[in-house]
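Down below is the structure, laid out as structure tokens.
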Amino acid sequence: MRYLTFALAKGRLAKKSLEMFEKVGITCEEMKDKDTRKLIFVNEELKLKFFLAKAGDVPTYVEYGAADIGVVGKDTILEEGRKLFEVMDLGFGKCRMCVCGPESARELLKHHEMIRVASKYPNIAKDYFYNKKHQTVEIIKLNGSVELAPIVNLSEVIVDIVETGSTLRENGLTILEEICPLSARMVVNQVSMKMENERIMKLLNELKTVI
Ligand code: PRP
């Protein structure tokens with residue numbers, strides 16, 4: 001039997017992903033050691049390998065078959081637009097992709113004005129404004145703390161993830177429009193889905209019972 005390899009998104013989703021696998025008897029003790037610098041973890045008994053990657057890289061590993069299976073947020077799947085099968089909504093990491101800004105920016109969205117939109121998700125922002133709203137905007141790519149942009153006048157609005165809403169509240173910003181709901185998803189390499197169908201389907205059926 002060959003190894004099935006899992007790429008898990010680092011950060012917020014990693015702990016929840018491991019908890020979910022534990023519920024179906026898939027454990028990887030070494031991975032819980034916070035001080036380890038190891039990158040790949042093996043469960044010899046079940047012939048499984050796990051690695052943690054930057055969220056944005058998970059779809060890349062899966063498309064190329066370096067990982068058979070990935071666990072990553074829907075935001076990253078939409079942004080990366082990779083060729084892979086999205087097979088399951090895992091139900092955790094729920095949040096929303098929204099257009100946010102100061103209340104005063106609401107009018108600018110209504111009247112389709114030329115505005116600047118800052119985001120870590122330029123492709124999602126582009127798709128929303130160009131294809132859904134038919135509004136021409138300038139997209140500015142940022143790498144984090146995107147809420148800063150409207151505060152320091154880099155942009156009129158942002159496209160970003162809202163989970164609890166506290167980052168917005170604490171910075172005097174608000175949700176202006178909702179783009180889509182998000183959550184963690186399981187994705188599978190298109191060839192692995194055929195070659196390892198039995199093992200993957202068994203895993204998906206087991207996961208269904210605990211989600
Ligand atoms: C995310 C997101 C928001 C925040 C939303 O940022 O970009 O800033 O969380 O969560 P809330 O609605 O519960 O306040 P993250 O913490 O991942 O870091 P970043 O700003 O560096 O991207």
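Keep in mind that this is a model prediction, so the values were computed, not measured. One-based numbering, in listed order, for ligands and for the atoms of each.
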Q. Counting distance only, does the side-chain N/O of Asn171 pair as donor-acceptor with the main-chain N or O of Leu148 below 3.5 Å?
A. no

Q. Does any N/O atom on Glu163 come nearer than 3.5 Å to any N/O atom on ligand 1?
A. yes

Q.
Among all protein heavy atoms in this structure, tell me which lies nearest to atom 3 (C) of ligand 1, with the distance rounded to 0.1 Å.
A. Glu147 OE2, 3.1 Å

Q | Asn189 side chain to Ser192 side chain, donor-acceptor N/O pair below 3.5 angstrom | A | yes

Q. Which atoms of ligand 1 are found less than 4.0 Å from any heavy atom of Ile161?
A. 2 (C), 3 (C), 5 (C)

Q: Output yes when Lys110 and Glu107 qualify as a salt bridge under the 4.0 Å nitrogen-oxygen rule, no when they do not.
A: yes

Q. For ligand 1, which atoms, with element, lie under 4.0 Å from some heavy atom of Thr167?
A. 4 (C), 5 (C), 10 (O), 11 (P), 14 (O)

Q.
Over 60° means perpendicular and under 30° means parallel, so tell me whether Tyr61 and Phe51 are parallel, tilted or perpendicular.
A. perpendicular

Q) Can you list the atoms of ligand 1 that are under 4.0 Å from a heavy atom of Ser145? A) 19 (P), 20 (O), 21 (O)

Q. Which heavy atom of the protein is the closest neighbour of atom 9 (O) of ligand 1, given with residue, atom name and distance?
A. Arg12 NH2, 3.1 Å

Q | Which atom of Leu204 lies closest to which atom of Met186, heavy atoms considered | A | CD2-SD, 3.6 Å

(Q) Regarding Lys202 and Glu206, does a basic nitrogen lie under 4.0 Å from an acidic carboxylate oxygen? (A) yes

Q: Identify, for atom 18 (O) of ligand 1, the protein heavy atom at the shortest distance, and state residue, atom and that distance.
A: Lys120 NZ, 4.4 Å

Q | Close-contact set for ligand 1 against Thr164 heavy atoms, below 4.0 Å | A | 11 (P), 12 (O), 13 (O), 14 (O)

Q: May I ask you to identify the nearest protein heavy atom to atom 7 (O) of ligand 1, giving residue, atom name and distance to one decimal place in Å?
A: Asp160 OD2, 2.8 Å

Q.
At less than 4.0 angstrom from any non-hydrogen atom of Val162, what atoms of ligand 1 do you find?
A. 12 (O)

Q. Given Lys120 and Glu79, is the salt bridge (Lys or Arg N to Asp or Glu O under 4.0 Å) satisfied, shown in steps?
A. CA-CA 9 Å; Lys120 272 201 294 191; Glu79 182 63 23; over 6 Å; no

**Q.** Shortest non-hydrogen separation from Glu30 to Thr36 and the atoms involved
**A.** O-CG2, 4.1 Å

Q: Provide the number and element of each atom of ligand 1 under 4.0 Å from a heavy atom of Ser166.
A: 12 (O), 14 (O)

